[in-house]
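Let me begin by presenting the structure, written as structure tokens, before commenting on it.
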Number of protein chains: 2
Amino acid sequence: MTEFRQPSPRRGTNLPKMGDFNLTVILDAIRRTPGGLSRVELAQIVGLSPQTISNISRRLLDQHLIVEAGKEGTGPGKPRTMLRLNPSGMYAVGVHLDPAVLTFVVLDLLGAVVRHSRITTPPGTDPRAVIDTIAGEIKRIILDSGVDPDRIAGLGVASPGPIDLNEGAVVDPPLLPGWDHVGLRDGLAEATGLSTLMDKDVTSAAVAETWAGGPSGEGSFVFMYMGTGIGCGIVLNDEVVRGTSGNAGEIGHIIVDPGGALCDCGQHGCVKSSAIPQVLVAQAEAAGILNGSLQDRSAPAVQERFAELCAIAEAGNDAAKEIIRGSAVLVARAVSVVTNALDVDRVVFGGPFWTCLSAAYLELVPGLVEANSATRRIHGIEVVGTGVGEDVGAVGAACLVLEHTLAPRSQRLLLGD
Amino acid sequence: MTEFRQPSPRRGTNLPKMGDFNLTVILDAIRRTPGGLSRVELAQIVGLSPQTISNISRRLLDQHLIVEAGKEGTGPGKPRTMLRLNPSGMYAVGVHLDPAVLTFVVLDLLGAVVRHSRITTPPGTDPRAVIDTIAGEIKRIILDSGVDPDRIAGLGVASPGPIDLNEGAVVDPPLLPGWDHVGLRDGLAEATGLSTLMDKDVTSAAVAETWAGGPSGEGSFVFMYMGTGIGCGIVLNDEVVRGTSGNAGEIGHIIVDPGGALCDCGQHGCVKSSAIPQVLVAQAEAAGILNGSLQDRSAPAVQERFAELCAIAEAGNDAAKEIIRGSAVLVARAVSVVTNALDVDRVVFGGPFWTCLSAAYLELVPGLVEANSATRRIHGIEVVGTGVGEDVGAVGAACLVLEHTLAPRSQRLLLGD
DNA sequence: TTTAGAGGTATCAGTGACCGAGTTCCGGCA
DNA sequence: TGCCGGAACTCGGTCACTGATACCTCTAAA
């Protein structure tokens, strides 16, 4: 139960440690404005009195979360002193556990990548070994980044679904054999000593967009994550939708191709059976566009073959292009299902495979989504690519920490240890 | 931008008129507990000090929103005096504008129907006439209910989609010719003098469930509204999802029957083309279960024929039963798409056609949804029928007002006038 | 009948966040 | 140099809440 009170000597421990709610509100306002804001502007925007803004600003300055950056004045009068986020006021570490690759980033307060690294996911089925590898790399990257360890707010982990958010556990994802109910969150918290947050990769990507994506991360949107699988992250009114167990965004079994291939769920033409990279690669192999037939269905192998297919399409092969364009049509249908169900007006694409796909998708998807929109008479639907880049998963993981510590909305999220 | 402050002399007009936030929090706590709560219990639950609870309770008692109702004590000591909502502390009027029928209710604070009435929707294409009819009936039902007009907090309207929530307008719904961008909200506000809220029918139904549905209206759930069309209302963490323009819950074009009939959207086997009452009636006619073929495709006619079909199934006709069971399978697929995308763990069925369908659906849908659940290894998905009854639409409309006035979450919602 | 134990109210000082008004700071312009 | 206007700070007051204390009420058990 949430209520507000004067934070006099705290009774319970259930209140955010970092004092005031309004503090996070104004921090958020500063964060969301590219050029920073002056105190007066803040007063107008958030509705608090100038004095209060001044007081809160001072506290933020004391915590080194913001800095005074230059003055800006037109007419007569004292020029306004602009307040900006202090990039080095806080850092967060993010890891993306992907079946193919482990991505690590250190992010500053602005959401900019200070340092990143990537290693291939150790093969095998022992989660313990992977967790140890991750912990080791985290220590290394923190060291390499040269960041003051005291300024690191915590660690975020993005994992493929399904997960159990309450337990902080990975629950048997398709491509991670051996990972059945593995307490990834607590394992990493223990191994690194950092307070750790966990979320599904697609959700993390959506959080990355809200924190580091600029204007396309505001308000409500759906983040289409084009990875080994296709999933989506959902943000409504600046708040991420996680669902009961953190598994929101499962759209793999939406039917998009009624005449399509049989899926393991018994239906024909699910997203999962007709539009994911592995299937597109198989199509290309069957059509003779990619020579040979790859037996190895492991994640890194698929990734490699898919890159090959994209390169061929890029080079002008029409058949290859057609496969990608076909997938765009199918994905657009899935997007329509979600946008119609939630009435959002922005779709952001991203994920590791996005770079290859962006040209075809950005050409085809907007029109298709618009045509299928139940609200096309009322508002349009914007389709854009993320500005965050290929590391969205890891960046988002780190953003989980920033969001948890600094965002005014954050209700809870289980903080490890 | 939302922020919290001490409600000293208000600056803007953007704060809820009814004072304190914590007041609504404790009102909400009382509302959600069937037997009411004592002051001590409230103190424990919301975390405020006993004195503060006492003070707020007094304010609520002064406003007649709650009453002291009986005492409850086991051991020695003074028994606790229970606080309950005062049903007659506040009332709200709700209208459901359906292509076939206009439903009106007067609700008390508990969400109980004090008075209801129903008239067939006047035929024709002049919204003005319908609005006048509605306004007239509202005046009548308020009079008949014998409720003190000063205690009526406002009017809620539920309309079929699409709507434009910001404008308070109905935007050309399939079965309401002539209703293209009609300012229903403001029209009714003006005609009745009541402050008026508007929402889509399925959203209203979901609100009804949160307010008057008991335990099945808590937390997160999807409300499947079985009406002339099939739509859903979405509630996440006790907050209704409305979307950019109030049109969330459009699931008519989810493909559920890949081999099914062609839909006007160009795909085969959409919910809209294979599971709505009109289609089931047509199937029954084609199969000779319903004699004759109805030319009249108007809403009331379909409603009547569908009731006939249900009666036949009820009477033991296997072919009729099969049609209904078939629709259950299809609807279950649509449900799975939504529950997987949002990771909710409860589905509530309701709407005007629900009574006929409930037996078959409650038998079939739970198993199907469970089997298709992406999170079946983590948590189950509960499938229940609403307790609110056939007037959910109108009840929900009235609940919009209660929610807007009394719920602690309520962000905004455009208040007419 | 007394006593113990619990619920609830009244009062008061103390605290933190907020606001309003007055004051100081800072730059351009006469 | 002095004036003006806008930005930002200082100061005193308000408000809701807490904690402590005292007191009354009510019930069951001694």
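Just so it is clear: chains get the letters A, B, ... in the order the sequence lines come, proteins before strands, and each one is counted from 1.
For the pair B/Arg58 CZ and C/dT11 C1', the computed distance is 12 Å after rounding to whole Å. One can place CZ of A/Arg59 at 11 Å from C1' of C/dC18, the figure rounded to the nearest angstrom. If you take CD of A/Glu68 and P of C/dC26, they are 11 Å apart, rounded to a whole angstrom. The distance from atom CG of A/Leu48 to atom P of C/dG16 is 19 Å, rounded to the nearest whole Å. Atoms CD (B/Gln44) and P (C/dG8) sit 11 Å apart, rounded to a whole Å. Atom CD1 in A/Ile56 sits roughly 15 Å away from atom P in C/dG16 (whole-Å rounding). Rounded to whole Å, the distance from NZ on A/Lys71 to C1' on D/dA7 is 9 Å. Remark: C1' of D/dA8 and CD1 of A/Ile53 are 12 Å apart, rounded to the nearest angstrom.
Looking only at atom types and distance, the side chain of A/Ser245 has a donor-acceptor partner in the side chain of B/Asp343 under 3.5 Å away.
Applying the side chain to side chain donor-acceptor pair (under 3.5 Å) test to A/Thr33 and every residue at least two apart in sequence or in another chain returns nothing. Partners of B/Glu382 under the salt bridge (charged side-chain N to carboxylate O under 4.0 Å, His left out) rule, at least two apart in sequence or in another chain, are B/Arg346. A/Arg31 meets the salt bridge (charged side-chain N to carboxylate O under 4.0 Å, His left out) test with A/Asp28; sequence neighbours excluded. In this view, B/Ser145 satisfies the side chain to side chain donor-acceptor pair (under 3.5 Å) rule with no residue, not counting sequence neighbours. Annotation: side chain to side chain donor-acceptor pair (under 3.5 Å) contacts of A/Ser38 (sequence neighbours excluded): A/Glu41.
Between A/Thr81 and the phosphate of D/dA8, there is a side-chain N or O to OP1/OP2 separation shorter than 4.0 Å. Look at A/Thr52 and you'll find a side-chain N or O under 4.0 angstrom from OP1 or OP2 of C/dC19. Phosphate contact (OP1/OP2 of D/dA16, side-chain N/O of B/Asn55, threshold under 4.0 Å): absent.
Of the possible donor and acceptor atoms, one in the side chain of B/Arg84 sits under 3.5 Å from a partner among the backbone N and O of B/Gly35.
Out of C/dG8, C/dC19, D/dC17, the shortest distance to the side chain of B/Ser38 is found at C/dG8.
You won't find any donor-acceptor pair under 3.5 Å spanning the side chain of B/Gln51 and the base of C/dG8, going by distance alone.
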Find every protein N or O atom lying less than 3.5 Å from an N or O atom of nucleotides 2-6 of chain D, and list the pairs.
| unit_1 | atom_1 | unit_2 | atom_2 | d |
| --- | --- | --- | --- | --- |
| D/dG5 | N2 | A/Gly77 | N | 3.4 |
| D/dG5 | N2 | A/Lys78 | N | 3.0 |
| D/dG6 | N2 | A/Lys78 | N | 3.4 |
| D/dG6 | N3 | A/Lys78 | N | 3.1 |

